[in-house]
Amino acid sequence: MKKDKCSASSLKNFRAKVWRHYRLRKRDLPWRHTKNPYHILVSEIMLQQTQVDRVIPKFQQFLLTFPTLKALAAAPFSDVLEQWQGLGYNRRAKYLKLAAEYAIKNHRGRLPETEVELKKLPGIGPYTAAAIAAFAFNQPTVLIETNIRTVFLHEFFSNETDVPDSTILPIIAATVSRRRAGEWYQALMDFGAHLKKTHGNANRRSLHYTKQSSFTGSNRQLRGQIVRELTLTSSISLPALKRLTNNDRRLVKILGQLEREGFILKAGNSISLAL
DNA sequence: CTCCGGGAAC
DNA sequence: GTTCCCGGAG
């Protein structure tokens, strides 16, 4: 009986368990059939805070509409935003197009291959930079997201609460496959998704666990409605938008934010999506 | 720290 | 009605 949960033999058993689950229960996901860095990028941005089942059809349609990094960079923002409707977090659509433009301008039309360079792209933070490096370029980066967090909380911190990621990351680094990093992380995510179905959500024991405020009646809801309206009509008057809410002051405030963030253009009383 | 979307499972 | 989602920016 090994006392140390992180002993060499424990880690070896853990790895074997994850690989075994992957062999038997691997999910067949569209972005696992490609090594195209652009396709990986699109999938990872879409998957930020968004369930796999909801991303799959959007991912495929998006790549039909914008087949290459160059096509995305050249496309009107309003077209990108239109494709994005239903996914939520419209800022991601903006960041994704800006990232494409950045790569065209600074990396000769390709995505950079290192974590440090990837993180410089808009919308790409610590997780996504490490994930693209692992999935597209097979680098043994260290990354954590909700499924991976679940796996390690379940396997190594089953009796602990308020576990910070900084405590988990060294174990992730100690267990990552040097030779098959991308596959390893896919296997971890599949195992984590499986654990959530069978054991509930261990992430509530993470130090970083938070519940988000309610959506109905929120600024986010109204903001989303405004953006969707604009993708449908291309141009709309302020009085027409006022029917979305009885709080004109809140509407004007959100419109100001959308304008500053580069989502919309205001010309007098006429409002349209930015190009 | 707060903000950001929206559909679906529960 | 509540929770969750292969997070990131300001």
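Naming: A, B, ... by sequence-line order, numbering from 1 per chain. Both backbone and side-chain heavy atoms feed into the values below; hydrogens, waters and symmetry mates do not.
A:K97 has a carboxylate O that lies under 4.0 Å from a charged side-chain N of A:E101, or vice versa, which qualifies the two as a salt bridge.
Side-chain atoms of A:D79 and A:T65 include no donor-acceptor pair closer than 3.5 Å.
With a 3.5 Å limit on both pairing distances and Watson-Crick or G-U wobble geometry required, the stems of 3 or more pairs in DNA chain B span B:1-4 with C:7-10, B:6-10 with C:1-5.
Counting atom types as modelled, A:Q51 pairs a side-chain N or O with a base atom of C:dC4 as donor and acceptor under 3.5 Å. For A:E261 against C:dG10, no side-chain N or O and base N or O form a donor-acceptor pair under 3.5 Å.
When distances run from any side-chain atom of A:Q48 to the nucleotides C:dC6, C:dG7, B:dG5, the shortest one goes to C:dG7. When distances run from any side-chain atom of A:Q186 to the nucleotides B:dG5, C:dC6, C:dC5, the shortest one goes to C:dC6. Proximity note for A:R91 (side chain, C-beta onward) versus C:dG7, B:dC4, C:dC5: the nearest is B:dC4.
Across all strands shown, A:R149 has no heavy atoms under 4.0 Å from either base or sugar-phosphate atoms.
Close placement of the A:F152 and A:F14 rings is indicated, their centers lying within 6.0 Å of each other.
Phosphate contact (OP1/OP2 of B:dC4, side-chain N/O of A:K94, threshold under 4.0 Å): absent.
With hydrogens and angles disregarded, no donor-acceptor distance shorter than 3.5 Å links the side chain of A:R205 to the backbone of A:V163.
With the nearest nucleotide of DNA chain C identified for both A:K211 and A:A129, A:K211 has the one nearer the 5' end.
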